[in-house]
Amino acid sequence: MLAVTARAHTNIALIKYWGKADSELMLPANSSVSMTLDQFYTETTVTFDADATADSFVLDGVRQDFLATTKITRFLDIVRALANTASFAHVESVNHVPTAAGLASSASAFAALALAASTAAGLNLTQQELTRLARRGSGSASRSINGGFVIWHRGHDDASSFAEPVQVNPNLNLRMLAVVLDHRQKRVSSRQGMAETVATSPYFPAWADAAEAASHAMVRALTGSDFAEIGAMVERSALMMHATTLAANPPFTYFQPETLATLQLVQDMRAKGLPVYATMDAGPNVKVLTTADAVLQVQDQLAAALNAPITVCAPGPDAQIIKEEEVDA
Ligand code: ADP
Ligand code: DP6
Ligand code: CO
């Protein structure tokens, strides 16, 4: 049997994806733009086994229960249909990122699984086809097939909802610091949180319109040299996304007190002249966008003020196959 291992890096959205237009095909309500991170990734090994009677899923060395394995099976069913095979698979994954803490583990996870599973099944998908496959596992995973900076086009059907790299002015030299205030798993998954928002938040339509326009504005801004313009758009997209959850019924938030304290700290550092902007995803942790020139000073000031691990990230690479080997059943 062929065991294929892929590595994919997480990505953090500069302009957020928050809400689906079609949850079966995983079409988003709006396009989104992200930076792939070099420091956080998932490695996943897939082995199709003609003798297996079900899929198995081991995460970080722990055999996963029926519910977690069912998510993998639903995704592998798409791969099996494409490859015209009925074989079950063994999936083994290791996260080099906190799982389900708002640091985009689902993005690196399903990008790695899409690449490993499609390769193990004998498919030879293009980068663009891989982004569409990864999307079916987790929307944000479509953006983790490519390194650097990426746009996921909203699209209107399976074929048109894909991700691709965008040009960035190398002089911008962007860096992202991840401030891990709480590495525990969130209570409300991204999937559930955005579904509740779409269903009940009167702010949702306004969000989707603004985010679509902001994605295209961000693609333009990334080719320019105005860091402050980019940063302001990044921070605003995050706060607009979180405003939609505060207006949901019942209202909810991913923020913790430390989240707002860190946002305030970033804004204070900015008022004193540092190029820093904050972004938050579906979790309490804060990511800080800055430039390579300022990153050490930003790291020092954050570390002095906060009791939290800080990881400095540069743009990360494409998802890739790191190992292929014949193994016994
Ligand atoms: P995050 O902010 O980490 O992306 P999500 O709520 O979007 O959080 O997704 C978390 C879910 O992603 C987990 O509950 C699990 O279903 C899935 N996941 C995370 N890591 C892996 C992995 N390595 N392999 C497969 N699925 C994973
Ligand atoms: C807040 O891609 O994790 O991180 O598509 O349901 O798996 P599913 O959700 P997911 O949502 C990510 C939401 C976000 C913003 C973003 O990454 O764009
Ligand atoms: Co996620």
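First listed ligand is number 1; within each ligand, the first listed atom is number 1.
Within the 4.0 Å heavy-atom shell around ligand 2 one does not find A104. In this structure, K186 counts as a contact residue of ligand 1, since one of its heavy atoms falls inside 4.0 Å of the ligand. For G102, the heavy-atom gap to ligand 1 drops under 4.0 angstrom. At least one heavy atom of S106 sits closer than 4.0 Å to an atom of ligand 2. Ligand 2 has no atom lying under 4.0 Å from any heavy atom of R135. Within the 4.0 Å heavy-atom shell around ligand 1 one does not find V94.
Exactly one residue among L265, T259, L260 makes a side chain to side chain contact (heavy atoms under 4.5 Å, CB included) with L263. That residue is L260.
Contact annotation: S138 places no N, O or S atom under 2.8 Å from the Co ion (ligand 3).
Interface of A101 with ligand 1, defined as ligand atoms under 4.0 Å from a residue heavy atom, comprises 3 (O). Using a 4.0 Å cut-off to heavy atoms of T42, the atoms of ligand 1 that qualify are 23 (N). Remark: ligand 1 atoms within the under-4.0 Å shell around heavy atoms of L59 are 22 (C), 23 (N). Close contacts between ligand 1 and I72 involve ligand atoms 25 (C) [criterion: under 4.0 Å to a heavy atom].
Taking any N or O of K71, backbone or side chain, at least one lies under 3.5 Å from an N or O belonging to ligand 1. An N or O contact shorter than 3.5 Å links S190 to ligand 1 by distance. The shortest N or O to N or O distance between S105 and ligand 1 is under 3.5 Å. Backbone and side-chain nitrogen or oxygen atoms of N95 are examined, and one is located within less than 3.5 angstrom of a nitrogen or oxygen of ligand 1. At a 3.5 angstrom cut-off on N or O pairs, S138 does not count as close to ligand 1.
Heavy atoms from both the backbone and the side chain of S138 come within less than 4.0 Å of ligand 2. When non-hydrogen atoms are compared, ligand 1 lies under 4.0 Å from neither the backbone nor the side chain of Q185.
The shortest contact between atom 16 (C) of ligand 2 and any protein heavy atom is with R143 NH2, 3.3 Å. Taking atom 11 (C) of ligand 1 as the reference point, the nearest protein heavy-atom neighbour is S106 CB, 4.4 Å. In terms of protein heavy-atom proximity, atom 15 (C) of ligand 2 is closest to Y17 O, 3.2 Å.
When the heavy atoms of A282, P98, A68, S93 are ranked by distance to atom 23 (N) of ligand 1, first place goes to S93.
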